[in-house]
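Following: one structure in structure tokens, then a few remarks.
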Amino acid sequence: MRLSRFFLPILRETPKEAEIVSHRLMLRAGMMRQEAAGIYAFLPLGLRVLQKICNIVREEQNRSGAIELLMPTLQPADLWRESGRYEDYGKEMLRIKDRHAREMLYGPTNEEMITDIFRAYVRSYKDLPLNLYHIQWKFRDEVRPRFGLMRGREFLMKDAYSFDVDQAGAVHSYNKMFVAYLRTFARMGLQAIPMVADTGPIGGNLSHEFIILAQTGESEVYCHKEYLDFAVPDEGVNFDDIPGLQTTVDKWTSLYAATSEKHDAAAFEALPADAKVSARGIEVGHIFYFGTKYSEPMKAVVQGPDGVEKPVHMGSYGIGPSRLVAAIIEAHHDEAGIKWPDSVAPFHVAILNLKQGDGATDQASEKIYTALRGKGIDVLYHDLDERPGSKFATADLIGVPWQILIGPKGLANGQVELKKRADGSREMLAPEDAIARLS
RNA sequence: CGGGGCAUAGCGCAGCCUGGUAGCGCAUCUGCUUUGGGAGCAGAGGGUCGCAGGUUCAAAUCCUGCUGCCCCGACCA
């Protein structure tokens with residue numbers, strides 16, 4: 001992508017409404033724009049990151065055996081009357097009437113709808129287990145939205161719903177998601193720690209929040225230090241290996257880890273002094289097992305081998321991709337801007353032509369640009385007529401992992417400079433070598 | 001929802017107390033010079049001062065009401 005043909009509205013100064021670093025940097029980097037309290041438009045750069053995140057989420061959901069579908073944002077109120085949650089949800093739910101005065105709502109979550117879909121088609125235990133997910137916008141009319149994408153009212157959520165004949169099956173489904181989540185966050189450069197969680201209005205009795213540690217986190221969390229070094233299962237993990245998955249989950253839940261709501265001060269104090277980690281955390285995922293809470297009132301039943309109909313055991317599993325954009329920035333930034341992990345970077349490499357209009361640098365830049373594109377690499381070519389300093393600042397701000405600096409000085413020796421954004425390291429290379437390095 | 005604050009050009013702000021020509025920096029446009037860490041000079045464009053009432057000869061400025069947004073707290077993926 002040539003910057004001259006892209007839409008990247010960089011802000012040199014920070015809009016005053018932005019308090020936390022991810023919010024500031026997203027606005028400055030031209031990733032998003034606020035349209036109302038807690039409601040944002042994703043601009044092209046932000047969308048690229050969001051899509052990368054969604055794709056990782058999708059790959060890991062698929063790998064674990066979950067199946068993607070897409071439910072609507074608007075739902076009929078009647079479904080929610082069946083579960084009893086239409087009244088329970090309160091003002092957080094955005095209620096709407098259509099032209100026929102039918103009561104609708106903008107979905108804050110989808111348990112009722114997925115249960116409705118399930119019960120319409122599934123009759124037999126032979127069709128289970130089943131895990132259906134979608135990635136869709138949600139709306140929760142928070143009293144006080146804040147911190148940009150971190151706590152918006154409209155947010156993108158991946159929500160998966162599992163269906164099993166019995167509790168043992170449901171626990172395995174839960175474990176699959178547990179492991180899929182470990183992998184998902186790790187791939188984004190985040191060390192997420194599963195913590196014992198409150199089940200909240202969704203209900204149930206088996207639940208974990210996946211928390212990443214960050215100074216600007218919204219809640220106090222407490223955990224054992226060893227979690228920070230635990231290895232995440234590799235992509236060869238066998239999701240059908242019931243005891244194997246259980247062993248992994250047991251390991252990841254063996255040590256103390258809790259958010260402030262579930263904090264047990266005595267248990268935490270009992271840990272060795274150097275093992276105690278008390279920090280701020282950002283919730284990036286939440287998984288629940290809630291049994292027959294919805295299947296029973298909504299009559300989502302299957303016949304077992306014995307011919308008896310029983311309500312299915314369900315769980316639901318959320319990840320907030322839009323919040324993750326902010327969370328990743330909180331974990332990966334410095335004074336100059338964002339430092340995207342490769343896996344979610346909006347572009348893999350930025351070419352900075354340090355003397356636009358100069359025959360030699362123009363030619364070298366074009367050549368490298370074409371070569372990288374030919375290899376299918378996401379490259380942003382800064383081809384505007386700006387001074388070097390300005391190009392450096394822009395590239396550092398938007399956080400592209402690699403920068404190729406092409407200037408007259410280097411070219412005089414037949415070299416360009418390759419800079420790694422993460423640690424600022426740089427080296428002079430022949431253009432072909434820089435290209436090879438990035439391939 | 002309780003408490004606090006803000007609203008003046010795209011962004012950041014001054015002006016308001018003490019009413020009288022709407023200003024500064026950055027950004028934008030034109031030209032020339034410049035080109036390895038947010039360039040210099042010269043010129044230009046851009047604002048119903050959040051909205052609605054009121055006071056006054058006259059309101060960005062004083063008064064009343066409303067709306068939007070931000071922060072702290074309570075609540076949540």
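Residue numbers begin at 1 in each chain, while the letters A, B, ... track the order of the sequences.
Of the candidate nucleotides B/C69, B/A7, B/A77, B/A77 has the atom nearest to the side chain of A/R323. The side chain of A/T394 lies closest to B/G38 when the candidates are B/G25, B/G36, B/G38. Here B/A39 is the nucleotide among B/C69, B/A77, B/A39 with the atom lying nearest to any side-chain atom of A/R387. Comparing B/G37, B/A7, B/C26 by their nearest atom to the side chain of A/R12 picks out B/C26. Checked against B/C70, B/G38, B/C72, the side chain of A/S390 finds its nearest nucleotide in B/G38. Across B/G36, B/C69, B/C1, the shortest atom-to-atom separation from the side chain of A/V143 is found for B/C1. Side chain of A/D396, nearest nucleotide from B/U35, B/G37, B/G12: B/G37. If you check B/C69, B/G38, B/C75 against the side chain of A/E92, the one that comes closest is B/C75. Here B/G36 is the nucleotide among B/C11, B/G36, B/C70 with the atom lying nearest to any side-chain atom of A/F392. Taking the side chain of A/E142 as heavy atoms from C-beta on, and the options B/C70, B/C1, B/A77, the nearest nucleotide is B/A77.
Pairing for B/A59 is absent, with no Watson-Crick or G-U wobble pair whose two atom distances lie under 3.5 Å. If you check B/U18 for Watson-Crick or wobble pairing at under 3.5 angstrom, you find it has no partner at all.
A/K391 comes within 4.0 angstrom of no nucleic acid atom, judged by non-hydrogen atoms across all strands. Among the heavy atoms of the strands lying under 4.0 Å from A/E19 are primed sugar atoms or P, OP1, OP2 only; no base atom is included. Residue A/K419 is in base contact, counting any heavy-atom pair closer than 4.0 Å across all strands shown. Residue contacts for A/G152: at a heavy-atom cut-off of 4.0 Å it reaches a base atom on one of the strands shown. Residue A/A18 is out of contact with every strand shown, counting any heavy-atom pair closer than 4.0 Å.
Nucleotides B/C63 and B/U30 are separated by 45 Å at their P atoms, to the nearest Å. Comparing B/G53 with B/A59, their P atoms sit 13 Å apart, to the nearest whole Å. One P atom belongs to B/C49, the other to B/G10, and the distance between them is 13 Å to the nearest Å.
For the residue pair A/H208 / A/Y174, a side-chain donor-acceptor distance below 3.5 Å is found, with atom types taken as modelled. A/H286 and A/E283 share a side-chain donor-acceptor pair at under 3.5 Å.
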Check step by step if side-chain hydrogen bond (donor to acceptor under 3.5 Å, both in side chains) holds for A/R58 and A/Y133.
CA-CA 9 Å; A/R58 193 172 272 126; A/Y133 76 96; 4.5 Å; no
For a side-chain hydrogen bond (donor to acceptor under 3.5 Å, both in side chains) check, start with the C-alpha distance between A/Q403 and A/D396, then their side-chain angles and the critical distance, and finish with the verdict.
CA-CA 9 Å; A/Q403 300 171 15; A/D396 287 349; 2.8 Å; yes
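Here B/G38 presents its P atom at 15 Å from CG of A/L397, a figure rounded to the nearest Å. To the nearest angstrom, P of B/A77 lies 18 Å from OH of A/Y106. Taking atom CG on A/D385 and atom P on B/C29, their separation rounds to 11 Å, with Å as the unit. Between the CZ atom of A/R146 and the P atom of B/C75 there is a distance of 11 Å, rounded to whole Å. Between the CE atom of A/M428 and the P atom of B/G36 there is a distance of 14 Å, given to the nearest Å. Summarising the geometry, the separation between CD on A/Q356 and P on B/A39 is reported as 16 Å, rounded to the nearest angstrom. At whole-Å resolution of the value, CG in A/L11 and C1' in B/U28 are 14 Å apart.
Remark: aromatic rings of A/Y227 and A/F230 are close, center separation under 6.0 Å.
Under a 3.5 Å cut-off, the side chain of A/K420 and the backbone N or O of A/E427 do not form any donor-acceptor pair. With A/R153 contributing its side chain and A/R140 its backbone, the two residues share no donor-acceptor pair below 3.5 Å.
Contact check, A/R144 against B/C72: a side-chain N or O comes under 4.0 Å of OP1 or OP2.
Mapping A/P388 and A/F147 onto RNA chain B by nearest heavy atom places A/P388 closer to the 5' end of the strand. Summary of the strand contacts: A/K355 and A/S322 both lie near RNA chain B, and taking for each the nucleotide with the nearest heavy atom, the more 5' one is attributed to A/K355.
In this structure, A/F155 counts as stacked on the base of B/A77 under the 5.5 Å centre distance and 30° plane angle limits.
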